[in-house]
Amino acid sequence: MPELPEVEVIRAGLEPAVTGATVASVVVYDERSLRRHPGPSEDFIDRLTGRRMLAPERRGKFMWIPLDGGAEVLVLHLGMSGQVLLRDRDTDDLRTRIRLELAHPAHGPLRLNFVDQRIFGSMAIDTLVPTSDQPLQLVPASVAHIARDPLDERFDDATFLARLSRKNTTIKRALLDQTLISGVGNIYADESLWAAEIHYDQPTATLGRTRANALLAEVRTVLTKALAEGGTSFDAQYLNVNGQSGYFAHSLNAYGQQGEPCPRCGRPIVREQFMNRGSHFCPRCQRVR
DNA sequence: TAACCATCCTGTTAGC
DNA sequence: TGCTAACAGGATGGTT
């Protein structure tokens with residue numbers, strides 16, 4: 001499941017390959033991958049073909065590639081199973097939904113395959129607008145509601161903690177709320193909560209400033225470590241732009257570890273249904289209090 | 001206005 | 001062996 005570390009690994013991998021490249025042609029194999037595009041596939045192809053790409057940017061799990069000569073950008077979201085694979089001109093990938101043929105002045109011809117098994121991801125052309133948070137940043141209009149991520153040096157801890165304490169919800173729901181803090185998904189929410197010894201159903205109102213601060217620190221630690229290890233791969237669902245797996249799955253303490261002993265106290269990790277997904281936690285270390 | 005939840009989607013796997 | 005149902009979860013729009 002691509003979360004912040006996985007998306008950042010892909011963004012960084014794309015940067016040297018696409019910056020300065022021109023889009024020679026576009027093929028849309030599955031229109032459903034354009035769900036977030038405001039027009040038909042012909043419009044997507046017309047607006048992208050012939051454009052020169054600039055350095056990719058990211059906010060949370062969304063990334064975008066600015067297009068030369070205007071305020072338009074190519075927005076990418078990987079959803080559950082999206083992959084961006086850089087290939088030579090002859091390489092095909094199973095379940096490629098959209099293909100871009102690129103021409104790079106230094107690297108020559110390059111193929112960008114947008115592969116997506118479950119089609120929760122998407123590509124779209126969008127325009128940049130200023131954000132409401134400070135300092136001002138230009139982001140695609142469809143991304144304007146997404147908060148900064150905790151690895152962004154402009155992330156405002158005080159604002160986050162204040163908003164968190166005012167919410168009438170529970171902590172895992174809050175961590176997954178991309179308008180409050182972005183980039184965290186189910187895996188890293190469970191890992192951060194395990195590290196901070198907080199139960200997923202702890203009400204945000206009773207968490208307290210000290211524990212909230214500690215949780216934010218653990219979120220940063222977990223994301224930073226996962227990023228350093230190239231992201232989390234369980235199977236071929238997440239690969240970097242070169243088709244390689246990340247290694248963070250070897251470092252997981254809670255997510256997917258149901259039945260395994262908690263690395264801290266030895267009690268078996270439990271998995272419960274929560275928000276239409278799984279929540280993994282240690283019933284001894286992580287209690288509502 | 002905020003919180004919650006069904007929905008989208010398909011390859012894999014477990015169960016019969 | 002082959003069929004069916006359950007499962008995985010990010011974002012969103014509709015409902016409460």
Side-chain angles (χ1 to χ4, degrees), chain A residues 1-8 10-11 28-38 58-64 75-84 93-98 114-124 126 132 139-147 149 160 162-193 200-207 219 223 226 231-239 248-249 252 254-259 271-281:
Chain A
M1 285 61 79
E3 303 180 30
L4 186 155
E6 293 77 28
V7 178
E8 176 55 24
I10 291 170
R11 189 209 64 77
V28 177
Y29 294 102
D30 198 320
E31 298 251 356
R32 293 174 296 179
S33 292
L34 291 177
R35 191 177 299 132
R36 290 184 178 88
H37 183 72
R58 182 185 58 76
R59 180 176 270 233
K61 302 170 199 170
F62 285 86
M63 64 180 145
W64 63 91
V75 182
L76 297 94
H77 194 283
L78 303 175
M80 285 287 300
S81 54
Q83 300 173 350
V84 180
D93 287 294
L94 200 63
R95 294 185 278 279
T96 295
R97 310 298 183 186
I98 297 172
F114 181 72
V115 174
D116 192 4
Q117 180 194 112
R118 291 179 217 173
I119 322 184
F120 277 31
S122 65
M123 281 184 162
D126 200 357
S132 56
V139 302
S142 54
V143 181
H145 63 294
I146 302 294
D149 68 66
F160 165 73
R163 287 186 64 198
L164 185 70
S165 68
R166 286 198 299 268
K167 286 191 89 67
N168 178 30
T169 189
T170 52
I171 189 61
K172 186 169 173 183
R173 286 181 191 278
L175 280 182
L176 295 176
D177 180 353
Q178 304 297 303
T179 68
L180 183 67
I181 181 171
S182 70
V184 180
N186 202 41
I187 298 173
Y188 299 120
D190 281 1
E191 288 301 306
S192 303
L193 288 166
Y200 69 85
D201 225 10
Q202 174 82 39
T204 50
T206 60
L207 184 61
V219 169
L223 292 177
T232 301
S233 299
F234 299 107
D235 47 34
Q237 287 303 299
Y238 162 70
L239 301 170
F248 192 72
L252 293 171
Y255 183 87
Q257 307 302 305
Q258 58 271 28
R271 179 183 188 277
E272 288 181 0
Q273 278 293 115
F274 178 73
M275 288 177 76
N276 262 347
R277 61 207 67 193
S279 229
H280 310 75
F281 66 102

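Numbers restart at 1 for each chain; the letters A, B, ... are given by sequence-line order, proteins then strands. It should be emphasised that the depicted structure is a prediction, and the values quoted were computed from it without experimental measurement.
Rounded to whole angstrom, the span from the CG atom of A:L4 across to the P atom of C:dG10 amounts to 13 Å. Taking atom CZ of A:R118 as the reference point, atom C1' of B:dT10 lies 7 Å away to the nearest angstrom. Note: CG (A:L78) to C1' (C:dG10) measures 11 Å, nearest angstrom. Separating the CE atom of A:M80 from the C1' atom of B:dT7 is a distance of 14 Å, rounded to the nearest angstrom. Atom CD in A:Q83 sits roughly 13 Å away from atom P in B:dG11 (whole-Å rounding). Put simply, NZ on A:K172 is 16 Å from C1' on B:dC5, counting in whole angstrom units. Nucleotide B:dA3 holds its P atom 11 Å from the CZ atom of A:R166, rounded to whole Å. Atom-to-atom, CG of A:D190 to C1' of C:dA8 comes out at 13 Å; the value is rounded to the nearest Å.
Regarding contacts with the backbone of B:dC5, a side-chain N or O of A:R173 is found under 4.0 angstrom from either OP1 or OP2. Between C:dG10 and A:H77, no contact under 4.0 Å exists linking OP1 or OP2 to a side-chain N or O. Within the structure, a side-chain polar atom (N or O) of A:T169 is placed less than 4.0 Å from OP1 or OP2 of B:dC4. For the pair A:H145 and C:dA11, the criterion of a side-chain N or O lying under 4.0 Å from OP1 or OP2 is not met. For A:R35 and B:dC9, the shortest distance from a side-chain N or O to OP1 or OP2 is below 4.0 Å. Applying the 4.0 Å criterion to OP1 and OP2 of C:dA8, one finds that A:Q273 has a side-chain N or O inside that range.
Residue contacts for A:N186: at a heavy-atom cut-off of 4.0 Å it reaches the sugar-phosphate backbone alone, with no base atom in range. Across all strands shown, A:G121 has no heavy atoms under 4.0 Å from either base or sugar-phosphate atoms.
Residue A:R95 has its side chain nearest to B:dG11 when only B:dG11, C:dA8, C:dA11 are considered. Considering only side-chain atoms of A:R32, the nucleotide from B:dT10, C:dA11, C:dC7 that sits closest is B:dT10.
Near DNA chain C, meaning a heavy atom under 4.0 Å from it, residues 175-185 of chain A has A:Q178, A:G185 in order of number.
Distance check: A:E272 CD to A:H280 NE2 gives 10.5 Å after rounding to the nearest 0.5 Å. Taking CG of A:L252 as the reference point, atom OH of A:Y188 lies at 7.5 Å (rounded to 0.5 Å).
Closest non-hydrogen pair, A:R163 versus A:T179, comes out as NH1-O, 3.0 Å. Residue A:D149 comes nearest to A:G60 through the heavy atom pair OD2-N, 3.9 Å, listed as atom of the first residue, atom of the second, then distance. The two residues A:V184 and A:L176 come nearest to each other via the heavy atoms O-CD2, 3.8 Å. Across every non-hydrogen atom of A:Q178 and A:L175, the tightest pair is NE2-O, 4.4 Å. The heavy-atom pair separating A:V139 from A:A144 by the smallest distance is CG2-CA, 3.8 Å.
End-to-end axis angle of the helix from B:dA2-C:dT16 to B:dC16-C:dG2, using five pairs per end and rounding to 10°, comes to 50°.
Both A:N276 and A:N168 lie near DNA chain B, and the one whose nearest nucleotide falls closer to the 5' end is A:N168. Both A:R277 and A:K167 lie close to DNA chain B; mapped to their nearest nucleotides by heavy-atom distance, the more 5′-ward contact belongs to A:K167.
The closest side-chain donor-acceptor pair between A:S33 and A:R97, if any, does not fall under 3.5 angstrom.
Side-chain contact between A:R95 and A:Y29: absent, with no pair of heavy atoms (C-beta onward) separated by less than 4.5 Å.
With sequence neighbours excluded, the residues that form a salt bridge (Lys or Arg N to Asp or Glu O under 4.0 Å) with A:R11 are A:E8, A:E15.
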